[in-house]
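The block underneath contains the structure these notes are about, expressed in structure tokens.
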Amino acid sequence: METSFQRDKLDNQILSALMQEARTPFAELAKRFNVSAGTIHVRVEKMKQAGIITGAQITVNPKALGYDVCCFIGINLKSAGDYPAAISKLNALEEVVEAYYTTGNYSVFVKVMCQSIDGLQHVLINRIQSIDEIQSTETLISLQNPIIRAVKP
């Protein structure tokens, strides 16, 4: 992985376009930015090698799949040494969609998606709080997600 890669205006334009629609053909980007498709290909490959572009994915609406409850759970571990085991166990739970090792009030902060409040209660009591390495949790239920955006290149 390159560490000395320096993005320029064209790289940022390519990133912005691909972030809006990852399936945009290189030929279309080449026309848009007045360069060759080969230039686009080389730039994208260099950004992949530098670790700037790590993949392409589709975005799925969780509510359309029946996941109506989004919450964030602050987790306090029994000890700092419990982190690897706790993360491994949390990773095995499909309802846990994101996890962060944090400073502040919690050791770990996770985002959990469930289909219902009853489902959340089950996951919280029977799956998360039953993890031996976890001392305590605090759950915050999300009412709305009014801002969703990626970082700008």
Which heavy atom of Ala30 sits nearest a heavy atom of Ala37, and at what distance?
CB-N, 3.4 Å
May I ask you to list the residues sharing a hydrophobic cluster with Val97, side-chain cutoff 4.5 Å, ordered by chain and number?
Ile58, Val60, Leu65, Tyr67, Met113
Is the shortest side-chain heavy-atom distance between Leu29 and Val35 below 4.5 Å?
no
Does the side chain of Cys114 reach to within under 4.5 Å of the side chain of Val112, using non-hydrogen atoms?
yes
Sequence neighbours excluded, the answer for salt bridge (Lys or Arg N to Asp or Glu O under 4.0 Å) partners of Glu28 is Arg32
By side chain to side chain donor-acceptor pair (under 3.5 Å) - contacts of Thr102 (at least two apart):
none
Which heavy-atom pair separates Ala50 from Phe5 by the least distance, and what is that distance?
CB-CB, 3.6 Å
If you group Ile, Leu, Val, Met, Phe, Trp and Tyr by side-chain heavy-atom gaps below 4.5 Å, do Ile131 and Tyr101 land in one group?
yes
Verify the cluster assignment for Met19 and Ile40: are they in a single hydrophobic cluster under the rule of side-chain heavy atoms below 4.5 Å apart?
no
Do any pairs count as a salt bridge (Lys or Arg N to Asp or Glu O under 4.0 Å) and have a residue in residues 53-67, sequence neighbours left out, and if so which ones?
none
Here the side chain to side chain donor-acceptor pair (under 3.5 Å) pairs for residues 11-26, sequence neighbours left out, are Arg7-Asn12, Asp11-Arg43, Glu21-Arg23
Residues that His122 engages under side chain to side chain donor-acceptor pair (under 3.5 Å), provided they are two or more places apart
Asn126
Sequence neighbours excluded - salt bridge (Lys or Arg N to Asp or Glu O under 4.0 Å) pairs with any residue from residues 106-126
Glu98-Lys111
Rounded to the nearest 0.5 Å, the CD1 atom of Ile53 sits from the NZ atom of Lys48 at a distance of 7.0 Å
Which salt bridge (Lys or Arg N to Asp or Glu O under 4.0 Å) pairs, counting each pair once, include a residue from residues 135-144, with sequence neighbours left out?
none
Just to verify, what does Gln129 make a side chain to side chain donor-acceptor pair (under 3.5 Å) with, not counting sequence neighbours?
Thr137
Show me the donor-acceptor pairs, under 3.5 Å and distance only, between side chains in residues 68-84 and residues at least two apart or in other chains.
from  : atom 1 : to     : atom 2 : distance (Å)
Asn76 : ND2    : Ser136 : OG     : 3.1
Lys78 : NZ     : Asp132 : O      : 2.7
Ser79 : OG     : Asp82  : OD2    : 3.3
Asp82 : OD2    : Ser79  : N      : 3.2

Please report the interatomic distance CZ(Arg127) to CG(Leu90), rounded to the nearest 0.5 Å.
10.5 Å
For Asp8, does the CG atom sit with more than 12 other heavy atoms under 6.0 Å from it, leaving out its own atoms?
yes
Which residue pairs pass the salt bridge (Lys or Arg N to Asp or Glu O under 4.0 Å) test when at least one of the two sits in residues 139-153, sequence neighbours left out?
none
Contacts of type side chain to side chain donor-acceptor pair (under 3.5 Å), residue Ser116, not counting sequence neighbours
none
Would you indicate whether the side-chain heavy atoms of Leu93 and Val110 approach each other to under 4.5 Å?
no
Is there a path of hydrophobic side-chain contacts, each under 4.5 Å between heavy atoms of I/L/V/M/F/W/Y residues, joining Ile128 to Ile87?
yes
Would you say Leu140 and Phe109 make side-chain contact, with heavy atoms under 4.5 Å?
yes
